[in-house]
Protein chains: 2
Amino acid sequence: MHDRRQSAVPDIESLMGQFHAYLSKKQLKSTRQRDLIAQKFFAAHGHISIEELLNLSRAENPRIGYATVYRTLKLLAECGLAAQRRFGDGQTMYETAGDTEHHDHLICIECQHVLEFQNDDIEHEQERVARSFGFSLVRHRLELYGLCPRARGIKGGWCPNEEQRKLSD
Amino acid sequence: MHDRRQSAVPDIESLMGQFHAYLSKKQLKSTRQRDLIAQKFFAAHGHISIEELLNLSRAENPRIGYATVYRTLKLLAECGLAAQRRFGDGQTMYETAGDTEHHDHLICIECQHVLEFQNDDIEHEQERVARSFGFSLVRHRLELYGLCPRARGIKGGWCPNEEQRKLSD
DNA sequence: ATATATGCAAAATGTTTGCAGACCC
DNA sequence: GGGTCTGCAAACATTTTGCATATAT
């Protein structure tokens, strides 16, 4: 198994580059707003809701509107840099996608934070299941919900919530 | 691996019983509308959207309103007999839940239909992943998206869409 | 009898769209 | 300069709520 906790931090410059490449290929324009929103999105490591993204963006440019965030996120999704996700029952979330390898999610139902992991055994088994039904597998989604060490009451237990903040900021 | 295609058909009587038990425990009332909606929901084997459920119910009682369907489904969710799910980007779906064993989903991205399966290897591996992060696993969600044999262009290929109709009706 | 449920319509959410003016190439 | 973008507000879609009437216990 492969723990991606430490690796992450995908190169924002490179992601912005991909975004700009897509825009110019489609003869669309780079604007202050799009850049700002994309930056904030990538900097959030891609687990973010429209509203959070709007607020982060407005911190730097208060005149940003909802529509622009929606439209920019749609562009990011079109070029494979963002993917819409709907965890649990909450709001629609977006995450970075398409960059490198696939990952699944491990979510603490107490502190709400999301960890990524990758496990080849599971991936292989998924292939086998699909094949056994005659399907060809295109993509999948796996989310594990549970309690992190701290939430389980382990003294000094590690909590992804805090851990992620340390890594992100 | 365990193919649940044939098994399913959870006993509708028993599910209705559980529902009624919950209602009376909570001093809520059994009504024609609630019973009708619950019946239709259980009979659909629990993969259904609000709108479909409304239409099925209206076929028998045209005066059923949206609100009643929403409210009934909320009750069913409260007592663990229904669970809200949001596959892909489509509509919010509801499914039966809490009855017996857990299952995952295999979804054809062409014909849109949903197959259930259960695979112990994957379940065990999920446990291991969670434990390796210090988590205790509470629940999970696994969805495989792919192409069914027919969608893949295999002549005479089996299509879950048709298959499920055969089994359900 | 009375507390709860229904059905309607209005309200609240979340997301998309149309348009006049602003901006990028 | 001309086509694209933005921000606003209005339009939509979906889900929830308030209320007068109907119904179950």
Side-chain angles (χ1 to χ4, degrees), chain A residues 16-17 19-41 48-79 82-94, chain B residues 16-17 19-41 48-79 82-94:
Chain A
M16 289 301 289
F19 184 41
H20 286 150
Y22 178 77
L23 290 178
S24 69
K25 190 181 72 182
K26 286 274 217 166
Q27 309 209 239
L28 302 176
K29 292 172 180 172
S30 287
T31 64
R32 271 180 274 106
Q33 293 90 331
R34 282 180 180 168
D35 283 2
L36 174 57
I37 294 166
Q39 292 263 7
K40 293 294 181 188
F41 175 67
I48 195 166
S49 68
I50 293 281
E51 199 172 6
E52 289 168 331
L53 192 49
L54 178 69
N55 290 333
L56 284 177
S57 303
R58 279 189 171 162
E60 266 176 45
N61 177 349
R63 307 210 38 217
I64 297 270
Y66 264 102
T68 305
V69 177
Y70 276 103
R71 290 190 273 229
T72 302
L73 230 23
K74 182 171 284 180
L75 286 173
L76 287 167
E78 273 170 34
C79 62
Q84 203 184 57
R85 296 210 138 238
R86 291 157 138 181
F87 292 117
D89 309 334
Q91 317 169 250
T92 300
M93 302 290 281
Y94 290 81
Chain B
M16 290 300 292
F19 184 41
H20 286 151
Y22 178 76
L23 290 177
S24 71
K25 191 182 70 183
K26 286 274 215 163
Q27 309 209 240
L28 303 176
K29 292 172 181 172
S30 286
T31 64
R32 275 181 271 104
Q33 294 92 329
R34 283 180 179 168
D35 283 1
L36 174 57
I37 293 166
Q39 292 265 6
K40 292 294 180 187
F41 175 68
I48 196 167
S49 67
I50 293 280
E51 199 172 6
E52 289 168 330
L53 191 50
L54 178 69
N55 289 333
L56 284 178
S57 302
R58 280 190 170 160
E60 268 175 46
N61 178 349
R63 308 209 37 215
I64 299 268
Y66 263 101
T68 306
V69 177
Y70 276 103
R71 291 189 273 228
T72 303
L73 231 22
K74 182 170 283 180
L75 287 173
L76 287 167
E78 273 171 35
C79 62
Q84 202 184 56
R85 296 210 136 235
R86 290 157 138 181
F87 292 117
D89 308 336
Q91 317 168 252
T92 300
M93 302 291 281
Y94 290 80

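Residue numbers begin at 1 in each chain, while the letters A, B, ... track the order of the sequences. Only a predicted model underlies this, so the values are computations on that prediction, with no experimental measurement involved.
- Of the candidate nucleotides C:dC8, D:dA24, D:dG3, D:dA24 has the atom nearest to the side chain of B:Lys29.
- Nearest to the side chain of A:Arg63, among C:dT6, D:dG7, D:dT15, sits D:dG7.
- For the pair B:Leu23 and A:Lys74, both in contact range of DNA chain C, the more 5′-proximal nearest nucleotide belongs to B:Leu23.
- Residue B:Leu28 has its side chain nearest to C:dA5 when only C:dA5, D:dG7, C:dC8 are considered.
- Across the protein-nucleic acid pair, A:Met93 atom CE and C:dT15 atom C1' stand 17 Å apart, rounded to whole Å.
- The CD1-P distance, from A:Ile37 to D:dC5, rounds to 13 Å in whole Å.
- Of all nucleotides listed (D:dG7, D:dT6, C:dG7), D:dG7 comes nearest to the side chain of A:Ile64.
- Both B:Thr72 and A:Tyr66 lie near DNA chain C, and the one whose nearest nucleotide falls closer to the 5' end is B:Thr72.
- An OP1 or OP2 oxygen of C:dT16 is reached within less than 4.0 angstrom by no side-chain nitrogen or oxygen of A:Tyr70.
- Put simply, CG on B:Leu75 is 14 Å from C1' on D:dT16, counting in whole angstrom units.
- Using a 4.0 Å cut-off, no side-chain N or O of A:Thr31 falls inside it from OP1 or OP2 of D:dT4.
- Between B:Leu53 and B:Tyr94 the shortest side-chain heavy-atom distance does not fall below 4.5 Å.
- Heavy-atom nearest nucleotides on DNA chain D were determined for B:Glu51 and for A:Arg34, and the one closer to the 5' end corresponds to A:Arg34.
- Within the 4.0 Å cut-off from OP1 or OP2 of D:dT25, not a single side-chain nitrogen or oxygen of B:Ser24 is found.
- Residue-level contact check: A:Arg71 touches the bases, meaning some heavy atom is under 4.0 Å from a base atom.
- Between A:Gln84 atom CD and C:dG14 atom C1' the separation is 11 Å, expressed in whole Å.
- For A:Gln33 and D:dG7, the shortest distance from a side-chain N or O to OP1 or OP2 is below 4.0 Å.
- The CG atom of B:Leu36 sits 17 Å away from the P atom of C:dA5 (whole-angstrom rounding).
- With D:dT6, C:dC8, D:dT14 as the choices, the nucleotide that has an atom nearest any side-chain atom of A:Thr68 turns out to be D:dT6.
- When each of C:dT16, C:dC23, C:dG7 is scored by its nearest atom to the side-chain atoms of A:Arg32, the top-ranked nucleotide is C:dC23.
- A heavy-atom distance below 4.5 Å is not found between the side chains of B:Arg34 and B:Ile37.
- Counting non-hydrogen atoms under 4.0 angstrom, B:Ser30 reaches the backbone sugars and phosphates but no base.
- Here C:dT13 presents its C1' atom at 15 Å from CG of A:Leu54, a figure rounded to the nearest Å.
- Side-chain atoms of B:Val69 and B:Thr72, non-hydrogen and from C-beta on, never get closer than 4.5 Å to each other.
- Side-chain atoms of B:Thr92 lie closest to D:dT15 of the nucleotides D:dT4, D:dT15, C:dT4.
- Taking 4.5 Å as the limit, some side-chain heavy atom of B:Thr92 sits within range of a side-chain heavy atom of B:Gln84.
- Atom pair B:His20:NE2 and C:dT4:C1' shows a separation of 15 Å (rounding to whole Å applied).
- In this view, A:Asp35 and A:His20 satisfy the side chain to side chain donor-acceptor pair (under 3.5 Å) rule, not counting sequence neighbours.
- A straight line from CG of A:Asn61 to P of C:dA22 spans 16 Å, rounded to a whole angstrom.
- For the atom pair CG of B:Leu54 and NZ of B:Lys40, the computed distance is 12.5 Å after rounding to the nearest 0.5 Å.
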